[in-house]
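Sequence lines set the chain letters: A, B, ... in the order given, protein chains first and strands last, and positions in each chain run from 1.
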2 protein chains.
Amino acid sequence: MGRWEPNARGRLEEAALALFTERGFEQVTVAEIAGRAGLTERTFYRHFADKREVLFPDANPLVTGFDKALEEAPDTAEPMATVSVVLDAVAAFFEGRHDYSRRRHAVVAANAELRERESIKLSTLAESLAEGLRKRGVAEPAASLAAESGVAVFKVAHAQWLAESEPRDLGVLMREALAALRDVTGAG
Amino acid sequence: MGRWEPNARGRLEEAALALFTERGFEQVTVAEIAGRAGLTERTFYRHFADKREVLFPDANPLVTGFDKALEEAPDTAEPMATVSVVLDAVAAFFEGRHDYSRRRHAVVAANAELRERESIKLSTLAESLAEGLRKRGVAEPAASLAAESGVAVFKVAHAQWLAESEPRDLGVLMREALAALRDVTGAG
DNA sequence: GGCCTGATGTCAGTTCCTGACATGAACCTT
DNA sequence: AAGGTTCATGTCAGGAACTGACATCAGGCC
């Protein structure tokens, strides 16, 4: 057995989500989170750059799956086809996580600082997606527009999925949103 | 003459932009900004909710013009037509502000916290736009998708405009981006 | 003249976050 | 097995962001 309890990072994430759920983000101090995880405040900041980041881990299965799907997507001249493949991978990630996603979303939605962090994380994903498209030969501004559109589709479908108590398949919702986007932009 | 110098808020905004340009956002304290404006730190926080907000005033001509255009846009069944009208108003706002926009953009781009704030402000604009479309009878998810697409078009065109030393007309760039968006989504 | 208003100042305190240094079990080397 | 190294964690001190409570005082109002 190691000197320290294993998975300090995971314990901090769990402690944080539990405390934020109970009392809200602002009403919880970093020292409390660390204490609940059997650690000190200073150690918290060795694992996370700031208090909010504990809810948005850099290395998480969503981002990993996203990057992998983006890399492995077949080459095609149609940027939205690549976007669609990546969105499928994202949908797969959320499979079986509806309850957890809702609890987490409640915490984030209740706090402006956390909504801000979520917003920039989505922007970062859009930028990754645009970069991936450029590497596949898609020119600007098509690459950025396709990437931003993809994130918009995700946002809309994800919000719909979260709102449903008996959720339909996120992949289906995304494909519907993608079709709706085509209608909206194409008809204008 | 009043007891205090007029336009405390404006003086704080000017002092902040000047100092941030000289030394960067992180290297400037709120006390310094206030001092340069002939005020105290506490007064700064009476005008702005936090340090970043001094660069993103709530009541500014961009938001005002945006809201006005959204309200006055003619009714139409085509959401992207409404979006287009609003984008024209936004383009008009930036007329003659190329140099200022570039200086300001340099400050924001250099700092993660400021990029975060900018990101959430754009999300808020998208939400306003979606709400405006809903009020005009556009159903979900079309309203949200049209709004997010509009913001994506703005982002792309604005970035292009900022990058040009001899800037073309932002309205033209936006219309081109809108056409490119149609191509990208429609062809998929 | 006296009272009220409202922007500002003063002050104390909490929390976030960081740098510098200390600790000690696990591991490696010889 | 002795001794040195590694590295996650602890301890401590401090700066800066932000907030609540109360004081000040010019200008307007009765």
Next on the checklist: Quick one: does any side-chain atom of B:R117 pair with a main-chain N or O of B:E113 as donor and acceptor, under 3.5 Å?
Outcome noted: no

Checklist outcome for this item: Considering only heavy side-chain atoms of A:K51, the closest of C:dC16, D:dT9, C:dA20 is C:dC16

Next on the checklist: Rounding to an integer number of Å, can you tell me how far B:E53 CD sits from D:dA17 P?
Outcome noted: 16 Å

Next on the checklist: How many whole angstroms separate atom CG of A:D50 from atom P of D:dC18?
Outcome noted: 13 Å

Item to check | Donor on one side chain, acceptor on other, A:S149 and B:T185, under 3.5 Å | outcome: no

Item to check | Integer-rounded Å distance: C:dT15 C1' and A:R23 CZ | outcome: 14 Å

Checklist entry - B:F48 CZ to D:dT19 P: how many Å, rounded? => result 14 Å

Next on the checklist: Check this for me, if you would: do A:R52 and B:E116 make a salt bridge, where the nitrogen-to-carboxylate-oxygen distance has to be below 4.0 angstrom?
Outcome noted: yes

Checklist entry - Taking for each residue the nucleotide of DNA chain C bearing the nearest heavy atom, is the 5' side occupied by A:V28 or by A:R42? => result A:V28

Next on the checklist: If the cut-off is 4.0 Å, is A:H47 near the phosphate of D:dA8, judged by side-chain N/O to OP1 or OP2?
Outcome noted: no

Item to check | Rounded distance in Å - CZ (B:R52) to C1' (D:dA16) | outcome: 14 Å

Checklist entry - B:T29 side chain N/O closer than 4.0 Å to the phosphate oxygens (OP1, OP2) of D:dA16? => result no

Checklist entry - Which is true for B:A8 with a 4.0 Å heavy-atom rule: it touches a base, it touches only sugar-phosphate, or it touches nothing? => result sugar-phosphate

Item to check | Short side-chain N/O contact from A:Y45 to OP1 or OP2 of C:dC17, under 4.0 Å | outcome: yes

Next on the checklist: Is it the case that over 12 heavy atoms from other parts of the model lie below 6.0 angstrom from the NE2 atom of A:H105?
Outcome noted: no

Checklist outcome for this item: Looking only at D:dC18, D:dT9, C:dG9, the nucleotide nearest the B:T40 side chain is C:dG9

Checklist outcome for this item: Out of C:dT18, D:dA21, C:dC17, minimum distance to the side chain of B:R46 belongs to D:dA21

Checklist entry - Considering only side-chain heavy atoms of B:E41, which listed nucleotide, C:dC17, C:dT10, D:dA17, is closest? => result D:dA17

Next on the checklist: Would you say CD of B:E22 has more than 12 non-hydrogen atoms from neighbouring residues, nucleotides or ligands within 6.0 angstrom?
Outcome noted: yes

Checklist entry - Roughly how many Å is it from CZ in B:R11 to P in C:dA7, rounded to a whole number? => result 14 Å

Item to check | Interatomic distance where CG belongs to A:N111 and C1' belongs to C:dC16 [whole Å] | outcome: 14 Å

Item to check | Nucleotide C:dA7, atom P - distance to CZ of B:F44 in whole Å | outcome: 17 Å

